[in-house]
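Convention: sequence-line order gives letters A, B, ...; per-chain numbering from 1.
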Amino acid sequence: MTGDPSVAHDTKHAHAHPSGATYLKVAAILTIITVVEVWAYYIPALVASPLFNPSLIILSAAKFLIVVLFYMHLKYDHKLFKVLFTGPLIIAGATIVALLFLFHQLKISF
Amino acid sequence: MSMLRLRPAAPALLIAVALLTLSACGGTEYPNSTFNHTTDLNTAIDDLWGRLLFWGTIVFVVVEAALVYTIFRFRKRPGGPAAKQIHGNVALEITWTAVPALILVLIAIPTVKTIFETQAPAPAGALVVEVTGNQWWWEFKYPEYGITTANEVYIPVGRTANFVLRTKDVLHSFWIPQMGGKRDLITNKTNNLWFTPNVDLGTNAWNGFCVEYCGASHANMKFRLFTVQPDEFESWAQHQASVAVPHRTPAAPATVTTASNRQPPAPTAPAEPTLGYVFPAADLPDHVIPKTPVPARLTYDDALLANGDPVAGQQSFMMGGCIGCHAINGNPMAMSPIGPNLTHFASRHTLGGGLFPNDDHHLARWIKNAKAMKPGALMNTIGIGEYDPILKGPVTAGLTDAQIADVVAYLRSLK
Amino acid sequence: MASIAAPTTAAYASGENENTGIWSWITTVDHKRIGTLYLWTALFFFLVGGFEAVLIRTQLMRPNMGFVSAETYNQLFTMHGTTMVFLAIMPLSAAFFNYLIPLQIGARDVAFPRLNAFSYWVYLLGGIFITLPILFKLAPNGGWFGYAPLTTNRFSPGPNIDFWVLGLQILGISSLAAAFNFITTIINMRAPGMSLMRMPMFTWMSFVVQFLVVLAFPPITIALFFLLMDRFFGTTFYAIAAGADPLLWQHLFWVFGHPEVYILILPAFGLVSEVLPTFSKKPLFGYNVMVYSGIMIGFLGFGVWAHHMFAVGMGAVADSIFSLMTMLIGIPTGVKIFNWIATMWSGEIRFTVPMKFAIALIALFTIGGISGVMHSSPPADLQQTDTYFVVAHFHYVLFGGSIRGIFAGISFYYPKMTGRHLDESLGNWHFWLNFIGMNLTFFPMHFSGLLGMSRRIYTYDAGQGWDLFNMMATWGTYLLVVATAIFVWNFVRSRTRGAIAGNDPWGGATLEWSIPSPPPEYNFAQIPEVTSRYPLWDLKAPEKTAGIDHSHADAMTITDAHAVPVHEETERHTAKELGIPMPYPTVKPLVVAFSMVVMFCGLLFLRNGMFAVAMTITIGGGAAMVAGLYSWLTAPLE
Amino acid sequence: MSAHTTAAGHDDGHVHHHYTTTGLDNRKIAIWAFIGSECMLFASLIATYLIYKGRSIVGPFPHTEYVNEAGQIFKPILDIPVTSASTFVLLMSSLFMVLALQAVQIKHLPLPDGAGWWTRAQRSSQLWLFMTASFGAIFLMFQAYEFTAFVHEGLTVKTNLFGSTFFTLTGFHGAHVTAGVLWLTSLLWIDRTRGLGPQDELIVDIAALYWHFVDVIWIVIFTLVYLIQ
Ligand code: HEA
Ligand code: HEA
Ligand code: CUA
Ligand SMILES: [Cu+2]
């Protein structure tokens with residue numbers, strides 16, 4: 001709380017944040033992905049496919065990334081924040097995967 | 001200053017002395033030692049342990065020696081050389097990264113090998129023993145023979161015993177230090193532990209423990225393992241599988257006031273041929289005989305025990321509510337699986353989760369007030385007038401001391 | 001808390017007119033005062049935990065002892081573990097984080113001074129909350145890792161475990177708040193020129209620890225939250241009848257638990273890395289490698305948790321993976337050990353009390369580390385787990401490592417904190433009795449463990465071959481009591497009677513030694529500009545640092561900070577005289593902390609079916625907390 | 001949070017420039033560290049949900065039908081259309097949030113001649129803050145509806161493993177949204193009382209980061225809990 005907001009101008013501020021148009025585009029993409037996901041949920045043939053779960057996870061990961069990169073402007077911000085976020089994210093992801101493996105919810109076949 | 005020079009050597013000395021002591025003295029002095037090659041499992045573990053100890057000792061000696069040498073050699077001395085301002089050295093860093101890595105590889109390879117060996121499924125033809133953990137006693141079932149017993153388990157030497165481990169309540173862990181590693185008993189899960197006792201173990205008795213903290217009487221959740229010859233085992237198993245009928249043995253020692261249960265070898269075997277093999281009480285090694293003191297405030301007049309009547313005891317066994325929890329194969333009224341199965345109870349050497357010798361002295365007190373004998377015990381307080389923590393007052397509907405003597409006689413007759 | 005009043009040292013006496021009343025301590029936001037509060041409180045809890053250990057050991061002195069009952073014993077070891085881990089070592093480390101980090105990085109305070117006060121108050125109140133029940137024989141009794149389902153209502157119907165669940169939840173909040181604070185402080189409050197690779201090693205290890213806290217506490221928060229829901233609201237997370245898997249608790253707990261042990265040791269490693277170079281008159285050997293190995297230990301620490309569960313039957317593949325990961329950690333840790341020895345190599349070693357503790361840490365931690373590697377081999381661990389061999393392992397790393405590092409740190413920084421030295425000969429008595437007592441207590445446990453003695457047993461039978469080892473351990477503990485008593489006496493007495501210490505009594509290399517002892521409230525009258533890893537040696541003994549890179553911070557940041565080259569500050573002024581704005585004292589963090597604890601307390605009433613009372617207290621506490629927060633956040637800082 | 005700025009500093013003319021090593025504001029570093037920590041928090045919750053998936057002994061179940069001993073039929077309980085709608089609402093609130101931040105940043109720029117309503121609207125932080133907060137609130141209403149519907153259909157926190165994990169996971173998320181709505185409302189309040197300008201960019205940015213993170217978590221939850229079977 002010591003930091004005074006008026007000097008919060010980080011030096012990298014030069015590369016401007018994306019404009020309103022970008023934000024709208026991003027929103028559109030997010031909506032489309034969501035619609036696709038929900039649509040796929042209602043097609044039994046797709047649900048039955050072994051690729052269903054992986055592709056849904058990829059789609060949601062894509063949404064995740066887009067929001068983080070654009071809305072949370074990680075793409076434009078200081079490198080430090082990328083480190084502060086990706087480090088924990090990797091550990092968190094690895095922990096989930098390890099736990100699912102340990103509880104036999106993920107089966108790895110050699 | 002001179003003391004300082006010696007000081008870090010102290011642990012090294014301790015280790016050396018200790019290693020000597022350990023290698024010098026075998027079984028009896030340390031009856032629960034983990035180092036004996038008694039089973040295939042324990043041999044595998046001990047081989048691995050040998051490597052760990054070897055490399056551990058080397059690392060220990062190298063580090064402590066380097067440390068002692070450094071602080072001795074470079075202690076500040078008047079007129080001594082000035083400190084050299086060294087900031088680092090890449091070659092050294094690489095060396096002391098690589099050498100430990102190498103040592104770890106030498107540990108890791110046999111480790112992984114042993115993991116896969118010892119965790120393979122038990123070989124076919126193994127004797128299955130279903131172990132169920134209960135707060136705070138053990139149930140053992142032999143599906144092959146239709147036996148249910150408690151706190152004492154027999155296995156024949158030379159044949160693989162496969163313990164199938166489950167628990168009825170919280171987590172426990174099954175461990176006979178002399179036989180090899182332990183395994184946890186996990187709620188809603190079945191675990192396995194198997195090993196083959198060496199043939200040369202002979203007829204012997206071993207301590208078993210619960211080693212996962214399981215509440216008030218975790219410390220008192222013990223059992224005994226008996227390794228016996230295959231024919232002895234068959235005899236034992238056949239008898240245990242039979243229904244228990246009261247055997248009257250006039251010679252039965254009615255009053256045993258000493259804590260020890262070193263009785264003369266049971267004269268029953270020749271006299272009553274129907275009885276099967278039981279590990280002879282006289283041969284029990286000292287360390288499997290419990291020495292737990294009886295709480296002083298729990299009083300019972302042992303003289304009553306002489307007049308115990310088994311037939312009346314069987315009645316009291318029902319009146320006293322024992323059948324609410326205990327099963328006796330042969331007594332159709334007693335079917336409950338809540339407490340330990342008491343069929344052939346008299347053939348056991350301990351009672352209360354291996355906490356006391358199974359003699360009349362202890363049994364009477366146990367029945368009178370199990371909770372006083374064993375903290376938290378989940379058996380009702382039976383003796384009239386005893387304080388019961390659940391009722392928060394004295395027991396009114398229970399058994400008198402004389403009735404307890406009858407029950408003791410009844411249980412004693414279940415050979 | 002009156003006894004905590006500021007030390008009346010020469011420096012304080014010399015005209016500095018500081019407010020020392022009790023109210024000033026309650027409202028303080030000064031990182032040094034908060035550090036002092038942490039230190040006193042944590043030392044108190046260390047004594048409590050030690051006292052519990054003494055009772056434990058007395059009960060185990062001989063077979064079949066009746067000194068305490070089974071129930072009492074179970075509460076004692078649970079509280080001993082919980083107290084030592086959460087109320088003693090972590091906050092002792094926090095005392096150093098608070099006191100030292102801003103001084104070492106050349107800052108006037110932490111990033112969020114009021115949050116810092118909040119962390120302390122939450123810790124204090126949480127500590128009281130979890131400890132008090134032992135006076136009523138209602139203390140938690142499920143072991144420090146509280147395995148479900150034993151800790152669920154069905155098997156622990158009393159309020160004992162409630163105190164544990166809520167207490168740890170409260171303490172977790174304290175640690176997390178502090179961690180965010182220190183991460184920000186270290187990233188953002190460094191003096192100009194103090195690049196990451198110029199930070200003192202203690203600050204570096206603390207930095208790593210903060211990330212461990214930030215990532216390790218959420219899993220236990222969740223695990224505890226599940227247990228809380230199960231106990232108070234009848235959910236089924238650990239309910240065996242609903243098909244729950246008790247390994248869920250174990251995994252979540254150890255995902256936290258293993259990083260936690262590095263949370264406990266890395267600050268000690270950091271302290272020792274300050275002490276060893278100072279008394280060897282040499283820079284730390286392999287600074288970069290020390291940094292990387294610390295990071296490595298922290299990182300690998302997240303991939304080994306299941307080595308606490310080798311007996312649960314995870315399967316051969318999982319056992320192997322966790323075993324290998326665990327062994328890997330030995331490598332960076334070994335690197336640290338060897339670099340410390342190399343630091344002393346060809347130095348001029350002075351055997352001061354802090355140095356003795358630091359050397360002893362190397363000697364004893366190694367023993368604990370080696371037994372750790374012995375655990376890491378699952379088949380071997382099947383003979384060791386849940387026996388006294390494990391107890392020996394972790395006391396060697398914790399008491400031999402963490403506590404020793406902290407004692408090194410206390411005797412090293414005492415002059416900085418108080419302006420006076422600890423008594424050297426009392427310090428030596430403390431050290432030697434402690435060293436002998438520690439080995440006498442814990443070394444025999446290796447044997448009793450391998451010879452079959454399991455842990456967490458309130459009694460054991462005669463004739464099991466363990467009598468001698470237990471007798472030794474108990475007598476060792478009594479020696480430790482004497483040693484600790486000497487320490488306490490020295491610690492208390494030297495505040496007023498110790499020899500006066502100057503700015504830099506030991507010939508240190510880092511910024512904290514460039515300012516008066518005890519430091520003025522603003523720390524640095526002028527923010528120093530750092531040009532190398534050893535700023536004070538640059539100033540006082542340039543020949544020592546000639547061999548390393550020096551460079552200045554870039555011009556812009558310097559003007560921003562009004563930085564001046566490192567110099568020794570000898571004069572004391574008040575902040576007002578210097579025109580340095582200081583944060584206002586405020587009681588609001590305490591108010592928020594208190595209402596938060598009240599909020600948690602409310603849940604206790606659910607146990608007696610007093611739903612309305614519980615909800616009133618909880619919601620009332622919560623509302624007070626939010627109101628307090630608003631008022632805190634809308635008030636200016638300085 | 002909004003803290004400092006409201007009362008402190010600016011009007012007394014004495015603005016002392018705090019030096020920071022990176023030039024970044026402390027609060028922004030702290031919020032990112034906090035978000036990192038939250039990753040682990042939700043990882044634990046999500047892992048638990050997935051671990052217990054398919055392990056409930058009794059229904060209702062999320063994706064499959066369940067008939068109890070009494071012959072009572074429980075339909076798959078999850079209501080995908082409703083949740084899709086609420087997911088969309090939360091996504092849109094994220095859009096409004098970025099627009100709010102942008103509005104704070106560009107508010108002071110002069111309006112070009114003949115600026116349309118969109119250009120004007122883009123400068124209204126109050127509008128977007130209000131929209132964000134109310135969409136957050138709508139999301140919460142969806143969730144309240146979903147929870148009550150489930151309870152009526154016989155699923156509570158006590159029913160089975162699914163109930164416990166589901167309510168806890170989504171409830172934790174809901175609590176985060178609630179905190180976010182409160183936070184945004186406070187910002188809106190400040191905006192209404194004294195107006196937020198470019199100098200307040202940071203406090204809006206921090207709230208925005210939090211809000212987006214909560215959104216991102218929902219993206220994961222929606223897929224893993226609702227869509228994957
Ligand atoms: C400060 C705390 C601390 C630290 C630093 C460590 C460090 C280590 N610990 Fe320990 N551990 C605990 C605290 C700690 N531990 C606690 C509290 C428990 C018990 C919890 C409970 O059950 O209540 C425990 C339990 C525990 C277990 C579970 C035992 C069981 O219950 O069955 C294991 C298993 O692998 C283990 C392993 C290790 C290893 C491999 C290290 C390594 O990090 C050690 C690395 C160090 C060295 C190896 C020495 C120096 C290295 C060299 C000199 C290089 C050369 C060395 C070799 C080639 C070997 N620990
Ligand atoms: C963090 C560190 C830590 C520290 C420093 C210690 C310190 C000590 N511990 Fe520790 N111990 C643990 C952490 C620690 N322990 C943990 C995590 C467990 C596992 C718990 C569990 O299983 O759940 C454990 C378990 C444990 C056990 C096993 C209990 C069991 O399994 O049944 C034993 C037994 O001997 C023991 C002994 C000791 C002793 C003798 C000390 C000594 O070194 C203590 C020295 C300190 C003193 C001697 C202080 C003396 C001061 C006074 C007496 C003054 C009193 C005054 C007041 C109270 C005002 N500990
Ligand atoms: Cu059963 Cu411990
Ligand atoms: Cu560990």
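Using a 4.5 Å cut-off between heavy atoms, A:L65 makes no contact with chain D at all. Using a 4.5 Å cut-off between heavy atoms, D:M92 contacts chain A through its side chain alone, with no backbone atom that close. Contact of D:Q229 with chain A is made through backbone and side chain together, with heavy-atom distances under 4.5 Å. Neither the backbone nor the side chain of D:P198 comes within contact range of chain A; no heavy atom of the residue lies under 4.5 Å from a heavy atom of that chain. Of the atoms belonging to D:Y52, it is backbone heavy atoms, and not side-chain ones, that fall under 4.5 Å from chain A. Heavy-atom distances place the side chain of D:W118, and not its backbone, under 4.5 Å from chain A. For D:I29, the parts sitting under 4.5 Å from any heavy atom of chain A are the backbone and the side chain alike. Looking at D:Y226, only its backbone comes within 4.5 Å of chain A, counting heavy atoms on both sides. Interface remark: A:V97 contributes no atoms to any contact with chain D (heavy atom separation under 4.5 Å).
Proximity of A:H78 to D:W32: side-chain heavy atoms (C-beta onward) are nowhere separated by under 4.5 Å. You'll find the side chain of A:L56 stays beyond 4.5 Å of the side chain of D:L224, heavy atoms only.
Comparing A:F52, A:Y41, A:F103 by heavy-atom pairs within less than 4.5 Å of chain D, the highest count is held by A:Y41. The candidate from D:T223, D:L50, D:V98 with the greatest count of non-hydrogen atom pairs under 4.5 Å with chain A is D:V98. Contact count versus chain A (heavy atoms, under 4.5 Å) is highest, among D:S94, D:A208, D:A33, for D:S94. Heavy-atom pairs under 4.5 Å with chain D were tallied for A:L80, A:N53, A:I91; the largest tally goes to A:N53.
Rounding to the nearest 0.5 Å gives a distance of 14.0 Å between CZ of A:F70 and CG of D:L95. In this structure, D:W218 CH2 and A:F64 CZ are separated by 15.5 Å, a value rounded to the nearest 0.5 Å. The distance from the CD1 atom of D:I46 to the CG atom of A:L100 is 10.5 Å, given to the nearest 0.5 Å. Taking CZ of A:F81 as the start and CG of D:L24 as the end, the distance is 4.5 Å to the nearest 0.5 Å. To the nearest 0.5 Å, atom CD1 of residue D:I35 and atom CG of residue A:L84 are 10.0 Å apart. Atom OG1 of A:T34 is separated from atom CG of D:L90 by 10.5 Å, given to the nearest 0.5 angstrom.
Atom CZ of D:F130 sits in a sparse spot, with 12 or fewer heavy atoms from other residues, nucleotides or ligands closer than 6.0 Å. Within a 6.0 Å sphere centred on CZ of D:F88, heavy atoms belonging to other residues, nucleotides or ligands number 12 at most.
The two residues A:M72 and D:L209 make their nearest non-hydrogen contact at CE-O, 3.4 Å. Contact detail for A:A92 and D:A43: the closest heavy-atom pair is CB-CB, 3.7 Å. Nearest heavy-atom pair across A:S60 and D:I219 is O-CG2, 3.6 Å.
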Can D:V216 and A:K63 be said to form a side chain to side chain contact (heavy atoms under 4.5 Å, CB included), step by step? CA-CA 8 Å; D:V216 151; A:K63 283 199 286 185; over 6 Å; no
Just do the side chain to side chain contact (heavy atoms under 4.5 Å, CB included) check on A:Y71 and D:M97 with the steps written out, would you? CA-CA 8 Å; A:Y71 283 0; D:M97 189 72 242; over 6 Å; no
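Judged by distance alone, the side chain of A:Q105 and the main-chain N or O of D:K53 form a donor-acceptor pair under 3.5 Å.
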